[in-house]
Amino acid sequence: IIVGENNIPNSVFKIIKIKQAVLKTVNFDWFIKNKKKNWDYCSYKRDVYNLPYPKVSVENVSVALTALFHSPFNISDATIIDSIKNITLPGRFQIISDAPKIIFDVAHNPHAVLHLVKRLGEIPKFGKMYVIMGVLKDKDIIGMIVNLKKIVDYWYCVPIFSDRGVNMSQLINILPKSFNILGNIKTAWIDIRSRIKREDILLVFGSFYLIAEAMKIINLNTSI
């Protein structure tokens, strides 16, 4: 069992004991060394140096490498490096436009939003930040927006049309008064499109349902 989190729930340890499994954890069995232009993966099994930064999180790539190095496959460093360069995952910090920069991300819990904030902080100076958010009702909505509030200029929140989605009346009760709560993502996009400038950022994040809708609507015409 390979775990890329430092805080492992007790339930995982119980399963490990029942299954008599072997646990491999980050910062014990393998380590990540971040550098300015690249990063290193170091473990008791194998070291790989000067890896490119991927479009997904380094932590996730390190878990995948650990799984690979405990498998019977023997993959060269060159193939690993080329593969990391080409990793894409729709909806995971997916940039679909550069001017303005439009980003899709399925972050749907506070931990994922913290990672998202970190990625946004790596973007060079930009103008205003617009956000379209849509989440399911079983998520920590306030915990998600707290980590983004300092860097967001305009909030647009829309309901998710699913049995698990938060409806408009619930959003009105949960969110601060300064948040624009609209009926659907198309309405939010039309309003933002009339305001956003080329130097600005639009972040669409939250549920997989929201990102699926955004891909249908915003991909149709992103030019400003």
Verify whether one side chain among [X] and [Y] offers a donor that lies under 3.5 Å from an acceptor in the other.
X     : Y     : result
Asp82 : Thr79 : no
Asn6  : Asn27 : yes
Thr66 : Tyr41 : yes
Ser62 : Trp30 : yes

Next item on the list: Determine the interplanar angle of the His108 and Phe208 rings, folded into 0 to 90°, and report it as parallel if under 30°, tilted if 30 to 60°, perpendicular if over 60°.
Entry: tilted
- Query: Do Asp105 and Val204 pass the side-chain contact (heavy atoms from CB on, under 4.5 Å) test, and can you show the C-alpha distance, the side-chain angles, and the key distance before you say yes or no?
  - Reply: CA-CA 6 Å; Asp105 199 290; Val204 184; over 6 Å; no
Rounded to the nearest 0.5 Å, the CH2 atom of Trp189 sits from the CG atom of Asn184 at a distance of 14.0 Å
When rounded to the nearest 0.5 Å, the distance separating CZ of Phe205 from CD1 of Ile145 is 8.0 Å
- Hey, does the side chain of Tyr53 reach the backbone of Asn38 with a donor-acceptor pair shorter than 3.5 angstrom? yes
Polar side-chain atom of Asp200 near backbone of Lys128 as donor-acceptor pair, under 3.5 Å: yes
| Got a salt bridge between Asp153 and Arg195, using NZ or NE/NH1/NH2 to carboxylate O under 4.0 Å? | no
Exercise for the section: Run the salt-bridge test on Asp40 and Lys35 with the 4.0 Å N-O cut-off and return the result as yes or no. Expected result: yes
- Task: Tell me, yes or no, whether the heavy-atom count around Lys139 atom NZ, taken from other residues, nucleotides or ligands under 6.0 Å, exceeds 12.
- Result: yes
